[in-house]
Asker: 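Please find one structure pasted underneath; my questions will follow.
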Amino acid sequence: MGFKQRGYKRDTPEGLLRDYKLFAIVCEGSRREPDYFKVFRYLSPRIKVDVIEEHVLDKEVTKLEQTKSSPRWVLNRAMSYIDKNGLSEEDQLWFVID
């Protein structure tokens, strides 16, 4: 006995569906703070934690370290992340600034 074809058609394309909630975290510090949140990446397949880090060369870090922790710089990193990856209504963007 085979399956009966139903007339159901999904409104949302399958490429746009996902089964997890995203927590994007932007940290002020670039050395220790991202490591604090990386442990949450493996807790559940239904939760994705994306720590937004800026990857710069070590020589650049010494030149730019004072300006890379300003709230404006952290906000700019968050905005470029949103422009590149986008956020859905269920997603959350967190800032970690001390």
Side-chain angles (χ1 to χ4, degrees):
M1 190 154 111
F3 290 101
K4 184 177 180 182
Q5 285 283 350
R6 308 268 183 210
Y8 177 75
K9 184 174 179 176
R10 186 179 300 259
D11 292 335
T12 307
E14 286 197 32
L16 298 178
L17 293 178
R18 55 175 213 216
D19 62 347
Y20 61 85
K21 181 172 183 169
L22 173 68
F23 291 90
I25 301 173
V26 186
C27 299
E28 175 186 15
S30 62
R31 295 187 185 217
R32 282 182 268 143
E33 288 87 345
D35 291 336
Y36 299 152
F37 299 103
K38 286 181 182 177
V39 70
F40 294 109
R41 290 181 177 172
Y42 309 106
L43 289 180
S44 170
R46 302 284 320 251
I47 296 172
K48 180 180 177 190
V49 176
D50 197 2
V51 180
I52 303 168
E53 303 178 62
E54 186 69 27
H55 298 286
V56 292
L57 300 174
D58 288 337
K59 292 176 187 177
E60 292 179 58
V61 171
T62 56
K63 289 183 203 175
L64 301 173
E65 193 158 336
Q66 290 115 11
T67 60
K68 293 266 183 173
S69 66
S70 72
R72 178 174 287 172
W73 183 79
V74 176
L75 178 63
N76 288 340
R77 276 197 296 157
M79 296 304 291
S80 82
Y81 177 84
I82 293 170
D83 289 343
K84 182 179 177 184
N85 300 307
L87 293 176
S88 73
E89 289 183 16
E90 293 90 27
D91 296 337
Q92 293 186 15
L93 176 65
W94 293 1
F95 289 87
V96 178
I97 300 173
D98 58 358

Asker: I25 and side-chain contact (heavy atoms from CB on, under 4.5 Å): which single residue from D50, V96, L93 fits?
Answerer: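 When side-chain contact (heavy atoms from CB on, under 4.5 Å) is applied between I25 and each of D50, V96, L93, only V96 qualifies.
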
Asker: Give the cluster check for Y42 versus Y36: same hydrophobic cluster or not, with ILVMFWY residues linked at side-chain heavy-atom distances below 4.5 Å.
Answerer: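 No, it is not one cluster - the side chains of Y42 and Y36 are not joined through contacts under 4.5 Å.
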
Asker: With a 4.5 Å cut-off on side-chain heavy atoms, are V26 and Y81 touching?
Answerer: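 Heavy-atom side-chain distance check fails, nothing below 4.5 Å.
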
Asker: Of all the heavy-atom pairs spanning Q92 and K21, show the shortest one and how long it is.
Answerer: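 Closest approach of Q92 to K21: NE2-NZ, 3.2 Å.
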
Asker: Taking atom CD1 of I97 and atom CG of L75, what is their separation to the nearest 0.5 Å?
Answerer: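 Nearest 0.5 Å value for the CD1-CG distance: 8.5 Å.
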
Asker: Of all heavy-atom pairs between I47 and Y20, which one has the smallest distance, and what is that distance?
Answerer: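 Reported closest heavy-atom pair: N-CB, 4.1 Å.
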
Asker: Please test S88 against L22 for side-chain contact (heavy atoms from CB on, under 4.5 Å), starting from the C-alpha separation and ending with a verdict.
Answerer: CA-CA 9 Å; S88 73; L22 173 68; over 6 Å; no

Asker: Does one hydrophobic cluster hold both V49 and V39, with members joined at side-chain heavy-atom distances below 4.5 Å?
Answerer: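 They do share one cluster, since a chain of ILVMFWY contacts under 4.5 Å joins V49 to V39.
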
Asker: Indicate the atoms forming the closest heavy-atom contact of E28 with W73, along with that distance.
Answerer: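 Shortest heavy-atom contact: O-CZ3, 4.3 Å.
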
Asker: Could you grab the distance from atom CZ of F37 to atom CH2 of W94, nearest 0.5 Å is fine?
Answerer: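 If we round to the nearest 0.5 Å, F37:CZ and W94:CH2 are 8.0 Å apart.
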
Asker: To the nearest 0.5 Å, tell me how far I52 CD1 sits from N85 CG.
Answerer: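 Going from the CD1 atom of I52 to the CG atom of N85 covers 8.0 Å.
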
